[in-house]
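Quick note on labels: first sequence line is chain A, next is B, and so on, each numbered from 1. Everything numeric here is computed off the predicted structure, so don't read it as measured data.
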Protein chains: 4
Amino acid sequence: MGTRGTAEAADRPPKAVTRGNGLAAIMQSARGIFAERGYHGASIRDIAKGAGLSLSVLYYYHAGKQELLHALLEDALDDCRRGCETALATAGDDPAARLGAFVQATVEYRVRRQVDSLLALRELRNLEPERLERFVERRDALPKLLHEIIDDGVARGVFATPHPDEAQRAILAMCNAIAQWYQPGGDLSVTDLVERYVHLALTVVQHSPPPRRSRPKSR
Amino acid sequence: MGTRGTAEAADRPPKAVTRGNGLAAIMQSARGIFAERGYHGASIRDIAKGAGLSLSVLYYYHAGKQELLHALLEDALDDCRRGCETALATAGDDPAARLGAFVQATVEYRVRRQVDSLLALRELRNLEPERLERFVERRDALPKLLHEIIDDGVARGVFATPHPDEAQRAILAMCNAIAQWYQPGGDLSVTDLVERYVHLALTVVQHSPPPRRSRPKSR
Amino acid sequence: MGTRGTAEAADRPPKAVTRGNGLAAIMQSARGIFAERGYHGASIRDIAKGAGLSLSVLYYYHAGKQELLHALLEDALDDCRRGCETALATAGDDPAARLGAFVQATVEYRVRRQVDSLLALRELRNLEPERLERFVERRDALPKLLHEIIDDGVARGVFATPHPDEAQRAILAMCNAIAQWYQPGGDLSVTDLVERYVHLALTVVQHSPPPRRSRPKSR
Amino acid sequence: MGTRGTAEAADRPPKAVTRGNGLAAIMQSARGIFAERGYHGASIRDIAKGAGLSLSVLYYYHAGKQELLHALLEDALDDCRRGCETALATAGDDPAARLGAFVQATVEYRVRRQVDSLLALRELRNLEPERLERFVERRDALPKLLHEIIDDGVARGVFATPHPDEAQRAILAMCNAIAQWYQPGGDLSVTDLVERYVHLALTVVQHSPPPRRSRPKSR
DNA sequence: CATGAATGAGAATTCATTCAT
DNA sequence: CATGAATGAATTCTCATTCAT
């Protein structure tokens with residue numbers, strides 16, 4: 001909550017926000033408060049207060065609480081999808097490499113946008129039905145993509161899992177869960193985290209030859 | 001909602017409960033509504049209505065909304081723990097068997113008490129801090145237990161995973177997720193589900209010799 | 001506003017309302033405040049305060065502001081219609097007598113329920129479309145009835161007006177307007193008021209033989 | 001809303017106004033919206049939007065909502081009074097002729113400025129007390145004038161009404177009501193309307209010799 | 001003339017809870 | 001066990017208005 005950006009220390013008036021960037025302040029505050037207390041537990045008043053703004057500005061930028069949540073979620077999803085797409089675009093054709101790229105992108109996203117990840121995981125159901133439907137459609141592209149990667153690996157004989165459905169679900173579940181426990185400042189670096197989860201994923205799909213986590217020039 | 005009594009007279013108003021089991025009716029209704037809308041999204045009035053009872057009956061049985069949630073969660077946790085303990089009590093000493101028993105108990109629980117599972121997964125944070133602390137302490141016995149099983153297997157050389165922490169988290173995450181997607185009436189029986197998740201778990205910990213899911217006299 | 005009933009003076013606690021008759025108090029207060037400030041100008045808070053109750057009781061009795069207005073209007077309309085029906089039921093067959101009865105009922109109603117009259121005249125448009133439609137349908141029975149009386153008189157040759165439509169509108173308009181200016185305590189008694197408006201109405205429809213408003217000096 | 005400019009380029013956003021007549025556009029929009037939803041039900045934002053202008057333009061021209069309403073009402077009243085004065089100025093000395101002129105002016109006004117008429121009838125009470133008082137004073141010149149005409153006719157023996165007060169109120173009430181039901185495009189022309197209401201008014205005051213609506217068949 | 005950003009007061013409504021019976 | 005009536009705090013949202021540009 002408190003920990004704002006870097007160069008924002010001394011010279012500000014009672015307002016924490018300078019005129020003109022109200023939107024960003026609100027989004028940021030909403031992210032935190034929605035994540036902390038849940039959609040219904042979060043009051044729009046507190047969000048505004050957290051942004052250092054008056055209650056009503058919120059309505060200048062958004063049509064309401066619901067739309068605010070929606071905006072947050074859409075934004076997060078876009079970022080997540082972009083991450084995967086980029087990763088896969090450079091991963092080549094090998095199923096194991098593709099799976100690795102997918103997992104890496106997902107894990108990194110869960111860490112990079114941990115709060116948004118929690119939002120997407122928990123608060124989705126609070127979208128109005130219509131919004132929800134459209135959102136889920138877009139989101140489901142990701143599990144589907146993962147499934148295709150696994151199916152491809154199985155077809156080519158490099159993934160030996162007898163249960164591709166469960167493998168897909170398991171991989172996603174374990175990656176998603178990261179947002180719930182990972183502590184950025186802790187003793188597990190993101191690089192290591194990624195490496196371990198890629199390993200886990202390859203294990204889950206029973207990749208053979210045994211996943212040599214060699215990667216000669218691992219950054 | 002669903003479980004109506006047998007001898008229900010036709011001319012009775014929407015009372016879903018026969019005199020005497022008010023408590024059960026309330027718990028049942030609360031389960032459903034809390035799960036559907038979340039703690040803050042659920043109104044105690046709707047819970048009472050869902051139970052076919054008046055508001056005040058609810059207050060006769062429970063001190064308030066918070067206590068109601070707490071009761072639900074405690075009940076669910078007890079059940080979950082009992083399931084694991086029972087399963088492990090008869091599993092013997094073999095790490096693989098113990099892991100299998102743990103997973104089986106967990107999966108079966110997630111299916112048997114799917115709604116409560118969702119509650120425990122999502123609504124925990126709405127417990128008052130004090131309650132939460134006590135609850136989490138008790139709940140954390142389970143991951144810890146799982147961790148011990150894995151560590152034991154690793155020590156004995158039957159689990160080859162280089163990342164026991166991640167393995168433990170992954171196994172729990174994938175089991176927990178079941179509550180979010182499993183459809184009881186669907187084409188995946190609980191027996192099959194359990195078998196697959198046991199397989200998955202053994203795969204995750206890199207159990208060798210290769211997990212023969214033989215079980216000659218599988219029930 | 002201030003002027004409550006007769007025997008309600010000394011012995012009451014801080015609350016102006018005794019437990020159990022909240023509904024009546026609210027309706028009474030709403031009548032006054034809606035009439036005084038208009039639907040949108042009246043705040044539900046003030047209505048509650050005027051009733052000596054808390055804001056939320058209002059919602060115990062009514063679904064909301066809109067429904068409150070609706071209840072008021074329906075009640076008023078019922079009373080108005082009943083008045084006319086009763087009057088006409090005993091008026092016999094003579095068009096002049098019938099017109100007299102109609103006017104008398106209307107005028108008396110406007111005086112007896114002056115506040116509700118103002119509401120019906122002014123706040124009708126604030127009913128939601130659906131409610132409005134149903135209401136207007138019922139209300140329009142009255143102008144229609146008046147029109148029939150006039151047509152009948154014209155047909156029988158006792159009303160000489162060349163413009164029955166305008167006559168009907170004029171009679172209604174002038175009767176309705178009474179609610180806007182009549183002062184109960186003033187020097188014009190209701191009896192006189194009625195007599196004058198019956199005379200006016202008969203004049204408007206050009207009733208002949210010349211309306212002998214004789215009644216030597218009844219009462 | 002309706003009256004768009006003539007040379008309106010196609011590619012322009014929903015600006016209903018061409019630069020320069022902002023004031024008129026605002027007044028027009030306010031008229032419509034105040035009449036439709038009432039003073040308190042009308043939002044100044046919608047008025048601005050209806051005029052195709054930004055909120056602040058509105059504040060450039062008017063000090064606020066209240067002043068906007070006031071301006072509208074004053075304008076309307078001026079027009080109304082001017083109409084009567086002009087009509088009476090050329091009506092000569094005969095009470096019947098004067099009454100006819102008065103009614104004609106009033107009826108024509110109610111039709112010509114139907115919306116403003118509704119405003120004046122309904123929204124007057126929303127003027128701040130001080131404004132209201134001054135306004136009512138000016139407005140009351142009209143009923144007073146009508147009363148004088150009637151009194152004059154009675155004194156001269158050409159109006160036989162025994163109730164000049166009621167006659168005056170009735171005539172005004174019926175004329176005012178026109179704004180509530182008249183439909184400009186309908187099958188009743190303004191000329192006819194005026195003729196009928198002049199007849200009605202003369203009937204109400206019991207003008208004798210019997211109102212010869214002679215005018216053989218003028219237009 | 002015109003704008004976009006912001007505010008504070010107040011609107012209706014909901015909700016957990018209590019109390020007398 | 002059970003009810004109906006009532007409350008007060010909090011919630012989302014709207015609105016007239018202002019201000020810097």
Side-chain angles (χ1 to χ4, degrees), chain A residues 15 17-23 25-26 40-48 51-68, chain B residues 15 17 19-23 40-48 53-68, chain C residues 15 17-23 25-26 40-48 51-68, chain D residues 15 17 19-23 26 39-48 53-68:
Chain A
K15 306 274 137 165
V17 207
T18 49
R19 223 168 208 258
N21 46 8
L23 215 180
I26 284 173
H40 287 294
S43 110
I44 237 172
R45 243 180 185 92
D46 289 343
I47 292 175
L53 289 168
S54 88
L55 224 179
S56 8
V57 221
L58 209 151
Y59 289 90
Y60 182 76
Y61 290 108
H62 296 96
K65 197 186 184 183
Q66 171 73 204
E67 215 236 41
L68 181 51
Chain B
K15 296 257 166 180
V17 221
R19 267 211 164 217
N21 46 9
L23 215 175
H40 286 293
S43 115
I44 227 173
R45 265 185 162 89
D46 287 346
I47 292 175
L53 292 169
S54 92
L55 234 183
S56 333
V57 187
L58 200 150
Y59 279 93
Y60 178 78
Y61 288 113
H62 294 96
K65 198 185 184 184
Q66 171 72 204
E67 214 239 40
L68 183 51
Chain C
K15 305 274 139 162
V17 208
T18 49
R19 221 167 211 258
N21 47 7
L23 216 179
I26 284 173
H40 287 293
S43 110
I44 236 171
R45 244 179 184 93
D46 289 343
I47 291 175
L53 289 168
S54 89
L55 224 179
S56 5
V57 222
L58 210 150
Y59 288 89
Y60 181 76
Y61 291 108
H62 296 96
K65 197 186 185 185
Q66 170 74 203
E67 215 237 40
L68 180 53
Chain D
K15 296 258 168 183
V17 222
R19 268 210 163 220
N21 44 10
L23 215 175
I26 285 174
Y39 180 70
H40 286 293
S43 116
I44 226 172
R45 263 184 164 90
D46 287 346
I47 292 174
L53 292 168
S54 91
L55 233 183
S56 333
V57 186
L58 199 152
Y59 278 93
Y60 178 78
Y61 288 113
H62 294 97
K65 198 186 184 184
Q66 172 72 205
E67 213 239 40
L68 183 51

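Here A63(D) lies out of heavy-atom contact (under 4.0 Å) with every strand. Heavy atoms of A42(A) sit under 4.0 angstrom from primed sugar atoms or phosphate atoms, though from no base atom.
Put simply, the side chain of S56(D) and the base of dG4(E) share a donor and an acceptor less than 3.5 Å apart.
Between L55(A) and Y60(C), the residue anchored closer to the 5' end of DNA chain F is Y60(C), taking for each the nucleotide with the nearest heavy atom. In terms of position along DNA chain F, the nucleotide closest to R45(C) lies nearer the 5' end than the nucleotide closest to the other residue of the pair G64(A) and R45(C). Summary of the strand contacts: S43(C) and H40(B) both lie near DNA chain E, and taking for each the nucleotide with the nearest heavy atom, the more 5' one is attributed to S43(C).
For Y59(B) and dC15(E), the OH to P distance is 12 Å, given to the nearest whole Å. Rounded to an integer number of Å, the gap from L23(B) CG to dA2(F) C1' is 15 Å. When the C1' atom of dT13(E) is taken as reference, atom CD1 of I47(C) falls 14 Å away, rounded to whole Å. Going from atom CG of D46(C) over to atom C1' of dA9(E) covers 14 Å, rounded to whole Å. We find that CG of L58(C) is positioned 9 Å from P of dT13(E), with the value rounded to whole Å. To the nearest angstrom, P of dA16(E) lies 6 Å from CD1 of I44(B). Per the geometry, CG belonging to N21(C) stands 18 Å off P belonging to dG4(F), to the nearest Å. Rounded to whole angstrom, the span from the CG atom of L68(D) across to the C1' atom of dT17(F) amounts to 14 Å.
The distance from the CD1 atom of I47(B) to the CG atom of L58(B) is 6.5 Å, given to the nearest 0.5 Å. In this structure, R45(A) CZ and L55(A) CG are separated by 5.0 Å, a value rounded to the nearest 0.5 Å. Taking CG from L53(A) and OH from Y60(A), the interatomic distance works out to 13.0 Å, rounded to the nearest 0.5 Å.
Not counting sequence neighbours, the partners of E67(A) by the side-chain contact (heavy atoms from CB on, under 4.5 Å) test are H62(A), A63(A), R131(A).
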**Request:** With pairs defined as Watson-Crick or G-U wobble and both distances under 3.5 angstrom, please note down DNA chain F as a dot-bracket string, | for pairing with another strand.
**Result:** .||||||||||||||||||||
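Across dA5(E), dA16(F), dT7(E), the shortest atom-to-atom separation from the side chain of V57(A) is found for dT7(E).
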**Request:** List the steps and the verdict of side-chain contact (heavy atoms from CB on, under 4.5 Å) for H40(C) and Y39(D).
**Result:** CA-CA 8 Å; H40(C) 287 293; Y39(D) 180 70; over 6 Å; no
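When all heavy atoms of A48(A) and S54(A) are compared, the closest pair comes out as CB-O, 3.7 Å. The shortest heavy-atom contact between A51(C) and A25(C) is CB-O, 3.5 Å.
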